[in-house]
Amino acid sequence: MIKNMGNLDRIIRLTIVLAIGVAFALGKISGVLALLLGVVGLAFLLTSLVGTCPIYLPFGLSTRLKKTS
């Protein structure tokens, strides 16, 4: 797969995942909201670890820095 996520994008997503996890652990979110945020968090976690965002692909977007020669 083509990597299309830069480091800052990945860090932001991981921070969101951490915030969702903490909110759930502290009981701030529950029920349907917790389920929905859990799905979003899982997607953010997976895309951050892989470095590819499937939503960026059809639009040709990338947050990676271009390497110059």
Side-chain angles (χ1 to χ4, degrees):
M1 269 197 163
I2 299 170
K3 296 199 182 274
N4 60 6
M5 290 176 59
N7 288 336
L8 181 60
D9 192 358
R10 294 168 83 176
I11 290 169
I12 290 170
R13 288 173 185 243
L14 289 173
T15 304
I16 292 170
V17 169
L18 181 63
I20 292 170
V22 168
F24 181 75
L26 295 176
K28 300 293 183 183
I29 57 173
S30 62
V32 175
L33 179 60
L35 182 62
L36 291 175
L37 289 177
V39 170
V40 170
L42 182 61
F44 277 8
L45 179 64
L46 291 175
T47 57
S48 294
L49 294 176
V50 174
T52 301
C53 179
I55 295 174
Y56 289 177
L57 292 174
F59 301 106
L61 298 174
S62 176
T63 57
R64 285 188 78 174
L65 295 176
K66 304 274 190 258
K67 291 186 179 183
T68 57
S69 327

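Throughout, numbering of the chain's residues begins at 1 and tracks the sequence.
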Self-check item: Nonpolar side-chain network containing L18, other nodes, edges under 4.5 Å
Solution: V22, L26
Quiz item: Is the closest side-chain heavy-atom distance between L57 and N4 below 4.5 Å?
Solution: yes
Going by atom type alone, with no hydrogens or angles, which donor-acceptor pairs under 3.5 Å involve a side-chain atom of residues 39-54 and a protein atom two or more places apart or on another chain?
| residue | atom | partner | partner atom | Å |
| --- | --- | --- | --- | --- |
| T47 | OG1 | R13 | NH1 | 3.1 |
| T47 | OG1 | A43 | O | 3.0 |
| T47 | OG1 | F44 | O | 3.1 |
| S48 | OG | F44 | O | 2.8 |
| T52 | OG1 | I2 | O | 3.0 |

Practice problem: List in chain and number order the residues that pass side chain to side chain contact (heavy atoms under 4.5 Å, CB included) with T15, two or more places apart in sequence or in another chain; answer none if no residue qualifies. | Solution: I11
Quiz item: Tell me, which pairs form a salt bridge (charged side-chain N to carboxylate O under 4.0 Å, His left out) where one or both residues lie in residues 33-52, sequence neighbours left out?
Solution: none
Quiz item: Can you hop from Y56 to L8 via hydrophobic side chains spaced under 4.5 Å?
Solution: no
Practice problem: Apply side chain to side chain contact (heavy atoms under 4.5 Å, CB included) to I20 and list each qualifying residue two or more places apart in sequence or on a separate chain. | Solution: I16, I29, L37
Quiz item: Going by the salt bridge (charged side-chain N to carboxylate O under 4.0 Å, His left out) test, which pairs reach into residues 48-57, not counting sequence neighbours?
Solution: none
Quiz item: In Å, rounded to the nearest 0.5 Å, how long is the span from CD1 of I55 to CG of L61?
Solution: 10.5 Å
Quiz item: Considering residues, nucleotides and ligands other than F24, do more than 12 of their heavy atoms fall under 6.0 Å from its CZ?
Solution: no
Exercise. Among residues two or more places apart or on two chains, list those pairs meeting salt bridge (charged side-chain N to carboxylate O under 4.0 Å, His left out) that have a residue in residues 33-60.
Key: none
Exercise. Keeping to residues at least two apart or across chains, list the salt bridge (charged side-chain N to carboxylate O under 4.0 Å, His left out) pairs with something in residues 24-38.
Key: none
Quiz item: Is I12 reachable from M5 through a run of hydrophobic residues whose side-chain heavy atoms are each under 4.5 Å from the next?
Solution: no
